[in-house]
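Letters go in sequence order (proteins before strands), and every chain restarts at 1.
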Amino acid sequence: MMTVTGEALATLPAGADLSPITVIGTEPIRQSFGGETLTQAINSRRAPGVSRVVLNPDAHVGYGAPVGCVMVSPTHIYPGPVGVDIKCSMSLLQMDLPADAIDALPLRKQIIRAICKRVPTGAGRGQRHAPKSRSIDGKLGFKIATEGASKQVLKKLGIPKSWADACEDAYHTAPDGSSDTLAARLEWMGRTRDKLDRIESKYRQLGSYGGGNHFGEAEVVHVLDSQRAIAEAFGLKDGCVAFLSHCGSRGFGHDLAVAQFRTLKTAFQKQGLAFPAGDPQLVYAPVDSPEGRDYLCDMAMGANFATVNHLLINDLVLEAFREVFPGVRGELVYFISHNIARQEPIDGTVQWVHRKGATRALPAGHPQLVGTRFESTGHPILLPGNPRDGSSVMVAGEGASAAAYSVNHGAGRRLSRTKAKKQLVQHEIDQGLAEHDVVSNCSVYPRDEAPDAYKDFEEVLGSVRKAGLAEEVARLKAKFVIKDGAAADD
DNA sequence: ATGTTC
């Protein structure tokens, strides 16, 4: 049913009166899409107010819409397609440390311990022994949720203020542009002791990774010869250590998202409104309705939390490296989300671009980059692959407009977690990582997070390049991984 | 993703 229009481009019809879904992926990638993934893409395209859907090479089944898709609407907001981990993001910290400085295994173990001491992993885990300067009380947590990475918040947390300039968005406000509106809503949410306690307990998770596919990874930067100028503009240092992080808004964003799913589902049922394709996971609200505005407030607060979480993690990681290498310097290359809805000019009008496991990809000269440090290059795209085969820093070209200025957010799952646990053999995973000189904090590396649980990264990267969306600037090769798993070396 | 599978 797909029509192939290029080596890595196809279209998928969704209805006679609708523009078809844009599909990005080479033949093998297109073959990898399951039926349920395509059904979810079609359901999303046919949902009210949706003007465009793009399916990316990393697509697999998600909540309502596939993970690995872009859903565009001028009028409607879809909480399911933003997802449960509001503003799940990637960040990259470049250090001035030559790669061979972390060759020695005991040294790597030492850095891993220094990081894990400061940045916890695992569901429900947050800061327990944070120094006073880094501890987050209810008052500061409130400020973080409503202001994001404001100058005051960064100063209070001791995070370099220049890092705000390396963020896709350093802060998010209510639809009326005000952080006071967010404050009023958060106060209302915490109106009873019980609810306030629950909210405040999540603030302690700031500066932590969580579980699942979240990770921190020390990388060696390999700049492509043909991309030296752009790499320099990005602040990448060839042959040096960088640190890649994947994390989001933790329990705080989760609670906001889940509460919204429930509220909107109930509202639909009360009004006798039909769910798109009968799927309650595709509940929506017009952006100018009270429900839409409430959702956008909650999304903004989750996003603010995720932003500060990432910046704090990066500063704690840098502190950990300095414990082992005093004086080492680090600069944030970029911080970019893959689970968020943003207002952007698409097809000539400002629309809400829902990126559900998709990364914004603005080329040089895009109106939203004017006045930023990436105006003349396009911004860095951070694409995690896997710790065995590497990750990538890319930059968008003009062709990205064909995909609503988006690319995939990673390799995408090849095996479900259940299948991965059943099919993949533990000692082969461990051996594979060891052969590539990758160590981790896990004594038992999670099988459902193994490199082979994900799609072939080269094929995914090839799809992006062949579709003309973006080019690789640098490859990142892992030296060690921090993930939620059984703790190492006791 | 989430103190984890309404």
Side-chain angles (χ1 to χ4, degrees), chain A residues 40 58-69 78-91 119-128 145 194-195 197-216 245-266 268-269 275 278-283 298-299 301-307 309-310 313 337-341 354-359 384 409-413 415-422 446-449 453-454 482-487:
Chain A
Q40 284 193 332
D58 55 346
H60 57 91
V61 172
Y63 185 93
V67 173
C69 87
Y78 281 79
V82 169
V84 67
D85 188 2
I86 296 169
K87 208 183 183 186
C88 190
S89 312
M90 301 303 305
S91 56
V119 189
T121 56
R125 303 293 288 283
Q127 302 295 340
R128 282 183 299 180
D194 204 38
K195 287 174 177 158
D197 282 350
R198 188 171 170 88
I199 291 168
E200 292 194 342
S201 74
K202 305 301 179 195
Y203 295 149
R204 282 194 292 276
Q205 298 184 347
L206 281 155
S208 70
Y209 277 117
N213 60 7
H214 289 170
F215 68 87
S245 289
H246 177 210
C247 188
S249 48
R250 307 285 286 99
F252 187 77
H254 171 269
D255 287 358
L256 290 166
V258 168
Q260 279 289 347
F261 298 161
R262 283 202 202 106
T263 302
L264 284 169
K265 192 176 160 185
T266 307
F268 265 61
Q269 286 165 336
F275 300 118
D279 187 352
Q281 298 186 348
L282 280 175
V283 286
D298 293 1
M299 185 186 76
M301 289 192 285
N304 282 334
F305 188 100
T307 305
N309 187 31
H310 259 271
I313 285 172
S337 179
H338 46 242
N339 278 9
I340 191 113
H354 303 68
R355 294 195 174 91
K356 181 175 183 60
T359 311
H409 79 314
R413 217 161 244 298
L415 300 172
S416 69
R417 291 193 182 276
T418 324
K419 281 188 178 165
K421 280 184 213 166
K422 204 178 285 180
R447 289 202 298 290
D448 52 348
E449 285 297 320
Y454 289 90
I482 311 276
K483 272 189 90 71
D484 179 25

Exercise. Atom CG of A/Asp85 to atom P of B/dT2: distance rounded to whole Å?
Worked result: 6 Å
For this session: Can you tell me the distance, in whole Å, between the CG atom of A/Asp448 and the P atom of B/dT2?
Result: 13 Å
Problem set entry | Whether over 12 other heavy atoms sit under 6.0 Å from A/Arg125 CZ | no
Exercise. Listed by chain and number, what are the salt bridge (Lys or Arg N to Asp or Glu O under 4.0 Å) partners of A/Arg355, not counting sequence neighbours?
Worked result: A/Glu344
For this session: Mind running a 4.0 Å heavy-atom check of residues 62-69 of chain A against DNA chain B and sending the residues that fall below it, in number order?
Result: none
Problem set entry | With A/His246 via side chain to side chain donor-acceptor pair (under 3.5 Å) - residues at least two apart | A/His338
Looking across every strand, which nucleic acid part, if any, lies under 4.0 Å from [X] by heavy atom: base, sugar-phosphate, or nothing?
{"X": "A/Arg262", "result": "nothing"}
{"X": "A/Gly211", "result": "sugar-phosphate"}
{"X": "A/Gly212", "result": "sugar-phosphate"}

If you restrict it to nitrogen or oxygen atoms, what contacts under 3.5 Å exist between nucleotides 3-6 of chain B and the protein, and what is each distance?
unit_1: B/dG3; atom_1: OP2; unit_2: A/Gly124; atom_2: N; d: 2.4

For this session: Please determine which of A/Arg413, A/Arg417, A/Lys422 meets the salt bridge (Lys or Arg N to Asp or Glu O under 4.0 Å) test together with A/Asp448.
Result: A/Arg417
Exercise. How far does CD of A/Gln260 sit from CD1 of A/Ile86, to the nearest 0.5 angstrom?
Worked result: 8.0 Å
For this session: For residues 58-67 of chain A, pull every pair meeting side chain to side chain donor-acceptor pair (under 3.5 Å), keeping only residues two or more places apart or in separate chains.
Result: A/Asp58-A/His409
For this session: Return the set of residues passing side chain to side chain contact (heavy atoms under 4.5 Å, CB included) with A/Ser201 (not counting sequence neighbours), or none when no residue passes.
Result: A/Arg204
Exercise. When A/His310 is tested against each of A/Ser249, A/Ser91, A/Ser245 for side-chain hydrogen bond (donor to acceptor under 3.5 Å, both in side chains), which residue passes?
Worked result: A/Ser91
